[in-house]
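Pasting in a structure now, in structure tokens, and then I'll have a few things to ask.
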2 protein chains.
Amino acid sequence: MVTIKDVAKHAGVSVATVSRALNKNGYVSEKAREKVESSINELNYYPNEVARSLFQKTSKMIGLLLPDISNPYFPLLMKGIEESARENGYSVILGNVEEGSKAGDNYMRLFAQQNVAGVLSAVEGTLSHHHPMPIVMLDRVLEGDDYAVYTNDVKGGILAAQAIIDRKPGKVLIIAGPKSVPGAIDRLLGILSVLNPTDVEYEIFETGSYTIKEAETTAKEIFDLYGKMNSIIASNDLFALAVMKEAQQRGYQIPRDIQVIGYDNIPFSQLVYPGLTTISQPAFQAGYQAADLLVRQIRKDTISNKRIKLDPELVVRDSLRESEE
Amino acid sequence: MVTIKDVAKHAGVSVATVSRALNKNGYVSEKAREKVESSINELNYYPNEVARSLFQKTSKMIGLLLPDISNPYFPLLMKGIEESARENGYSVILGNVEEGSKAGDNYMRLFAQQNVAGVLSAVEGTLSHHHPMPIVMLDRVLEGDDYAVYTNDVKGGILAAQAIIDRKPGKVLIIAGPKSVPGAIDRLLGILSVLNPTDVEYEIFETGSYTIKEAETTAKEIFDLYGKMNSIIASNDLFALAVMKEAQQRGYQIPRDIQVIGYDNIPFSQLVYPGLTTISQPAFQAGYQAADLLVRQIRKDTISNKRIKLDPELVVRDSLRESEE
DNA sequence: CTAGAATGTGTAACCGATTACAGAATAACA
DNA sequence: TGTTATTCTGTAATCGGTTACACATTCTAG
């Protein structure tokens, strides 16, 4: 391994000079700078980030805490995070936490042990209690979270409900996400704020987790439980897809007999037949912005907007009936 | 920040003793060990991994290089990797590389700068040339790769083709992945080894990348190009799903008019209607085993099987016609 | 009872960077 | 020319751990 000492020796200067040339601090003569640069190239030297990190008590790494990597919403989120982080010279340490487990605390300790510069977390109740460090909450955001990136879920709910009542709703079933997930409540609120003033008939079914397995069993269950429904507002695309499949299997035609709207706009929602109409959450954008916000927090830039609220959008495909207007 | 010095002072011993107690090397008296342990608890001390890493010239981190995080095959892979790594006390640094770009080299340098213990890579042509370190290739594996985890793609191709010819194939279209992806060739070989001895009519269409966008345009293209087909063997589930959607949109019934088989068994293939019959690649298993293999390589365990070949399986759902036997 | 092995402990060097500080060289200016 | 300000450079301390080495103590055995 080539160290700064080797470079110094090769260039005939001290390590201090090499370091100054590298980091462009302090005074370095033109002559010295050139010698150092050519030595660096010749020896193919690159500084050891670990040694830097030890001295600086921080590093060029950020920790990422996710509740379940295998959730299809996350890949795009991660891509946004990775891209933004990389552009800012940071790399990402991955932490996957089972929903509800206390592994989050372990990861926070681990991140601290690695001198990470900050943490991005989509896990509720992530505390930097013991190890205070910059942190940005993602997606599952609470009131008290200082820095956060999230989507306007009330609006998302409104958009979804609006799309439904514009299209001969009939009997509506709302599949609501678990109350423990902050966004789920807001969506339901949004939906109800639209439905309640009308005389549309609706029922609410609350689900537990967001896993595929649960989506499948829920899909069967609701048909058994509620019989004839004409419109379904799902808590996310996973559930919407599961419901669509179950409906088709039972011989219903979509959207003629049952119309379905999802939430998230995961990449797959456009690959099913009929294409799923859904509320788009800008996953890539959210990740990108969150990483950017974290980096700015790390750099102690002045930040006017610490809580970034992104707007969801209605993406119309073919799982809803024709609009009435 | 609590350091080993603070613990030493608090326990009334030297830092060397604390270190020995921590790592359970060397001699430490029972009495000293107890004092150290209670000091650690009282002060809530945890060792700084960066300082350790600097001295040891290695760390408890492994680098992960993926060609495209947003590919739906990867989440499960990552979950497997993360889980296995965590069980072995390692954490994962994420690297996303655009297909074909040279960012891979940059990441390898970055990993080296971070003293990672090893690298897991699904990017072709990943070289530890300049910075030799343990490496395990994943998924996209070449002959020369020393340590690798991959699936038996020839067998996968055979399984897919077999499933098709067992079920009134008619005219078959093979959508083959890009020749640059090692596995794609093997799959095609497997498929042809089954089809060629029969008198089944087939055509081959080669695709470029593995993106959703390409899948959609390809789906349209093949219907325009080849007109009536009765069976389609897709290069992966993404393409299979896109084809199914396009077929349904054009009024074909699946599997009656056209039967489709995919590859990968991504979680979504069970959420479409009709359920996609496909060849399952054990993504979680692959990730788990790869991380495990890497850790063993890092530990310099003796390893009997450096190249782990996993077996794909046929997962029967509803996108193929009834078997004839 | 004593030599030698086994056990326990602390001091200090080391890992590879950054930077405070002091001293040397050069520039600016009267 | 002498004085001061500016630029340049090297030595050494530092970050928080690990471990080689030396020394002290205890144990074992003859």
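Remember, predicted model here, so these are calculated numbers, not experimental data. In the text below, chain A, chain B and the rest are named by the order of the sequence lines, each starting its count at 1.
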N/O (side chain, A:Thr3) to phosphate O (OP1/OP2, C:dG16) under 4.0 Å: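 Looking at the OP1 and OP2 atoms of C:dG16, neither is under 4.0 Å from any side-chain N or O of A:Thr3.
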Atom-pair distance (CZ on B:Arg52; C1' on D:dG16), nearest Å: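 Taking CZ of B:Arg52 and C1' of D:dG16, I get 11 Å after rounding.
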Between B:Asn23 and D:dT18, does any side-chain N or O lie under 4.0 Å from OP1 or OP2?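 Affirmative; the distance criterion is met.
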So, OP1 or OP2 of C:dC14: does either fall under 4.0 Å of a side-chain N or O from B:Lys57?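 So the side-chain polar atoms of B:Lys57 never come under 4.0 Å of the phosphate oxygens OP1 or OP2 of C:dC14.
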Reckon A:Thr17 has a side-chain N or O less than 4.0 Å from the OP1 or OP2 of D:dG10?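 For D:dG10, OP1 or OP2 has a side-chain N or O of A:Thr17 closer than 4.0 Å.
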Within the side chain of A:Asn48, is there an N or O that forms a donor-acceptor pair under 3.5 Å with the backbone of A:Val50?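 The answer is yes, because a donor-acceptor pair under 3.5 Å joins these two groups.
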Under 4.0 Å, heavy atoms only, any strand: does A:Glu49 hit a base, just the sugar-phosphate, or nothing?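 Contact class for A:Glu49: none.
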Below the 4.0 Å mark, does D:dT19 have OP1 or OP2 next to a side-chain nitrogen or oxygen of B:Gln56?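 True: B:Gln56 side-chain N/O within range (under 4.0 Å) of D:dT19 OP1/OP2.
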Is B:Asn25 near enough to D:dT19 that one of its side-chain N or O atoms lies under 4.0 angstrom from OP1 or OP2?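 The answer is yes; a side-chain N or O of B:Asn25 sits under 4.0 Å from OP1 or OP2.
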Point-to-point distance, once rounded to the nearest 0.5 Å, from CE of B:Met1 to CG of B:Asp6: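 CG of B:Asp6 is found 10.5 Å from CE of B:Met1.
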I need the NZ-P distance between B:Lys9 and C:dG10, as an integer number of Å.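 That distance rounds to 14 Å.
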Whole-Å gap separating C1' (D:dG17) and CG (B:Asp6):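 One finds 13 Å between C1' of D:dG17 and CG of B:Asp6, rounded.
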Test: B:Arg86 and B:Glu83 ion pair at under 4.0 Å: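 No, B:Arg86 and B:Glu83 are not salt-bridged.
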d(NZ, B:Lys60; P, D:dG16) in whole Å: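 So the two atoms are 22 Å apart, to the nearest Å.
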Rounding to an integer number of Å, can you tell me how far A:Phe55 CZ sits from C:dT18 C1'?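 So the CZ-C1' distance, A:Phe55 to C:dT18, works out to 4 Å.
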Closer than 4.0 Å, any side-chain N/O of B:Ser14 to the OP1 or OP2 of C:dG10?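 Checking B:Ser14 against C:dG10: at least one side-chain N or O falls below 4.0 Å of OP1 or OP2.
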Determine whether any donor atom in the side chain of B:Arg20 lies under 3.5 Å from an acceptor atom in the base of C:dG10, or the reverse, and answer yes or no.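 Looking at the base of C:dG10, it does pair with a donor or acceptor on the side chain of B:Arg20 (distance under 3.5 Å).
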D:dC23 phosphate, OP1 or OP2, under 4.0 Å from B:Tyr27 side-chain N/O: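 For D:dC23, OP1/OP2 do not have a side-chain N/O of B:Tyr27 under 4.0 Å.
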Strictly below 4.0 Å, N to O, side chains only: are A:Asp145 and A:Arg307 in salt-bridge contact?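 A salt bridge is absent here (no side-chain N lies under 4.0 Å from a carboxylate O).
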Where the side chain of B:Tyr45 is concerned, which of D:dT18, D:dG17, C:dT19 is the nearest nucleotide?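 My answer, after comparing the listed nucleotides, is D:dG17.
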For B:Leu22 and D:dG17, what is the distance between atoms CG and P respectively, to the nearest whole Å?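 That distance rounds to 8 Å.
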Looking across every strand, which nucleic acid part, if any, lies under 4.0 Å from B:Val13 by heavy atom: base, sugar-phosphate, or nothing?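 Sugar-phosphate, backbone atoms only, no base.
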Can a salt bridge be assigned to the pair B:Asp105 and B:Arg109 using a cut-off of 4.0 Å between side-chain N and carboxylate O?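 Looking at B:Arg109 together with B:Asp105, the answer is no, because their closest N to O distance does not fall below 4.0 Å.
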Rounding to a whole Å, what distance do you find between B:Met1:CE and D:dT14:C1'?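 So the CE-C1' distance, B:Met1 to D:dT14, works out to 15 Å.
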How many Å lie between CG on A:Leu54 and C1' on D:dA13, as a whole number?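 Roughly 13 Å, once rounded to whole Å.
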For a quick check of understanding: with a heavy-atom distance under 4.0 Å over all strands, which category does B:Val28 fall into, base, sugar-phosphate or nothing?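 If one applies the 4.0 Å heavy-atom cut-off, B:Val28 turns out to touch the sugar-phosphate alone, with no base involved.
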So which atom in B:Tyr210 and which in B:Gly177 form the shortest heavy-atom distance, rounded to 0.1 Å?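 Heavy atoms of B:Tyr210 and B:Gly177 come nearest at OH-CA, 3.8 Å.
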Contact class for A:Ser29 vs. all strands (heavy atom < 4.0 Å): base, sugar-phosphate, or nothing?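 Sugar-phosphate contact only - A:Ser29 comes under 4.0 Å of backbone atoms but never of a base.
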